[in-house]
Number of protein chains: 2
Amino acid sequence: MILQGEVLPGERLNELALSRRLDISRASLREAARGLEQTGLLEIIPNRGVLVRQVSMKDALDLYDLRAALFRAAARLAARRATPQCLLRLQQLNEQMRDAASAQRFADYYGRNLEFHTAIMAAGGNAPMARTYDQAVKGLHLFRRRSLLHPAQLDLSLREHEDLLAAISIHDAAAAGDVAERHIMLGRDRMLDTLEGGMPA
Amino acid sequence: MILQGEVLPGERLNELALSRRLDISRASLREAARGLEQTGLLEIIPNRGVLVRQVSMKDALDLYDLRAALFRAAARLAARRATPQCLLRLQQLNEQMRDAASAQRFADYYGRNLEFHTAIMAAGGNAPMARTYDQAVKGLHLFRRRSLLHPAQLDLSLREHEDLLAAISIHDAAAAGDVAERHIMLGRDRMLDTLEGGMPA
DNA sequence: ATGTAGAGAATTGCCGACAATCTGACGGTG
DNA sequence: CACCGTCAGATTGTCGGCAATTCTCTACAT
């Protein structure tokens with residue numbers, strides 16, 4: 001519900017109402033909320049209730065830095081550990097993204113993009129790292145409703161993916177790490193550029 | 001209780017017994033457990049209960065890689081953002097560690113060492129990153145009861161801290177990141193060396 | 001018009017109890 | 001003797017209710 005925007009950041013969740021709506025008890029709901037608090041999706045203020053986490057601009061930039069660090073590390077590991085079928089899968093995803101981009105199927109593109117990054121993290125073979133990356137991405141989801149990229153930015157992103165894939169394919173850990181880190185930070189810049197048009201705070 | 005070893009990794013926690021011992025209801029205990037599960041300290045198996053997380057050798061190595069990535073990123077940020085009082089604090093901690101080491105006060109040394117790393121993470125100014133680092137360190141705590149380092153290893157660690165502090169002091173982000181990452185990975189190697197003596201899988 | 005105190009309503013914190021599930025032992029059967 | 005179904009005990013999953021705190025709206029004073 002949080003990720004799909006059914007409840008908005010900053011919104012306060014009424015335990016009784018929500019438990020009735022989901023047809024579960026308040027106890028079960030509260031247990032789930034305690035878990036979601038630790039993942040960063042919810043904020044719990046004692047005696048005041050649970051709110052959907054507000055992600056400020058500062059928070060978002062921090063999450064980008066975190067993502068960059070994790071993605072770099074995972075890419076380095078992936079360059080050393082990636083299996084042929086791993087590489088094939090990445091290649092497929094990359095082509096699907098290119099197709100989606102040229103066909104203007106943006107929703108599809110975003111899905112594949114997410115899958116591509118997840119596949120890199122998985123290829124790294126470090127579960128805690130992948131898990132943390134996933135949390136950061138989910139947190140970023142809360143920042144602002146998906147800000148669409150311009151086609152030109154999309155092409156740049158695609159190019160970066162190709163470079164990353166190439167570095168991993170030849171098992172060049174250092175290059176893969178550099179490209180991966182830069183990819184996230186450039187993504188951050190693209191997000192900022194896209195926001196330039198109309199937004200305060 | 002987990003971090004202090006009052007309950008051991010792999011141990012199953014009886015909800016009723018523990019709630020009675022802590023003089024709280026099972027519901028409150030369960031809420032806390034759901035939060036601790038997300039931090040990686042507990043593992044919850046449906047219908048079977050909550051266990052203290054077992055950290056295998058593979059898990060521990062993964063956590064070291066994660067720590068290294070986070071510490072590198074934070075050190076880079078710290079090199080750009082550290083204030084004079086931040087640096088002073090780090091300097092103090094470093095001296096306290098040297099004193100503790102030469103006086104063989106190992107418990108004190110470990111405490112200061114933890115503080116030093118935490119201070120670096122704080123100096124980075126990235127809360128989600130610092131939080132993740134803390135989780136990784138706690139997870140590593142579960143790996144094995146504190147394996148003491150040899151005095152020679154201790155000296156090496158101290159030297160690395162000095163190098164890191166120097167790089168941060170002159171705001172050399174690249175150098176700080178490199179030293180920081182290497183410091184964690186060398187710490188990993190020292191852990192492995194110390195374990196060499198007597199341990200199977 | 002603004003601010004403040006108070007009472008009632010709404011909401012969260014906490015608890016004990018019942019239902020569902022799992023564990024382990026017992027005894028029967030091939 | 002090994003294997004399997006059954007059953008009692010123990011443990012977790014879920015629930016509704018009460019107490020404590022917070023929120024809100026009204027009435028009143030400045």
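All values derive from a computational prediction rather than experimental measurement. Labels below follow one simple rule: chain letters A, B, ... track the order of the sequence lines, proteins then strands, and each chain is numbered from 1.
- Counting all heavy atoms, side chain and backbone alike, A/R72 lies closest to A/G177 at CG-O, 3.4 Å.
- The shortest side-chain heavy-atom distance between A/L36 and B/Q38 does not fall under the 4.5 Å cut-off.
- Counting only residues at least two apart or on different chains, the salt bridge (charged side-chain N to carboxylate O under 4.0 Å, His left out) pairs with a member in residues 80-92 of chain B are B/R89-B/E115.
- Taking both residues in full, the closest heavy atoms of A/G125 and B/D62 are given as O-OD2, 3.8 Å, listed atom of the first, atom of the second, then distance.
- Taking B/Y64 as the reference, nothing meets the ring pair (Phe, Tyr, Trp, His ring centres under 6.0 Å) condition, with sequence neighbours excluded.
- Contact between B/L42 and B/V52 at its shortest, heavy atoms only, is CD2-CA, 3.9 Å.
- Shown for residues 34-51 of chain B: residues whose heavy atoms fall under 4.0 angstrom of DNA chain C, namely B/N47, B/R48.
- The two residues A/A73 and B/A69 come nearest to each other via the heavy atoms CB-CB, 3.6 Å.
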Which atom pairs link the protein and nucleotides 14-17 of chain D when you take only N or O atoms and keep those under 3.5 Å?
residue, atom, partner, partner atom, Å
D/dC15, OP2, A/S25, N, 2.5
D/dC15, OP2, A/S25, OG, 3.0

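- Counted within 6.0 Å of CZ on A/R105, heavy atoms from surrounding residues, nucleotides or ligands total 12 or fewer; the atom is thus considered open.
- Residues passing the ring pair (Phe, Tyr, Trp, His ring centres under 6.0 Å) test with A/Y133, sequence neighbours excluded: A/F71.
- B/R20 places its CZ atom 15 Å from the C1' atom of D/dT12, with the value rounded to the nearest Å.
- Residues from residues 6-16 of chain A lying near DNA chain C, meaning a heavy-atom separation below 4.0 Å, are A/R12, A/L13, A/N14, A/E15 in numerical order.
- In this structure, B/A119 and B/L93 approach most closely via the heavy-atom pair CB-CD1, 4.2 Å.
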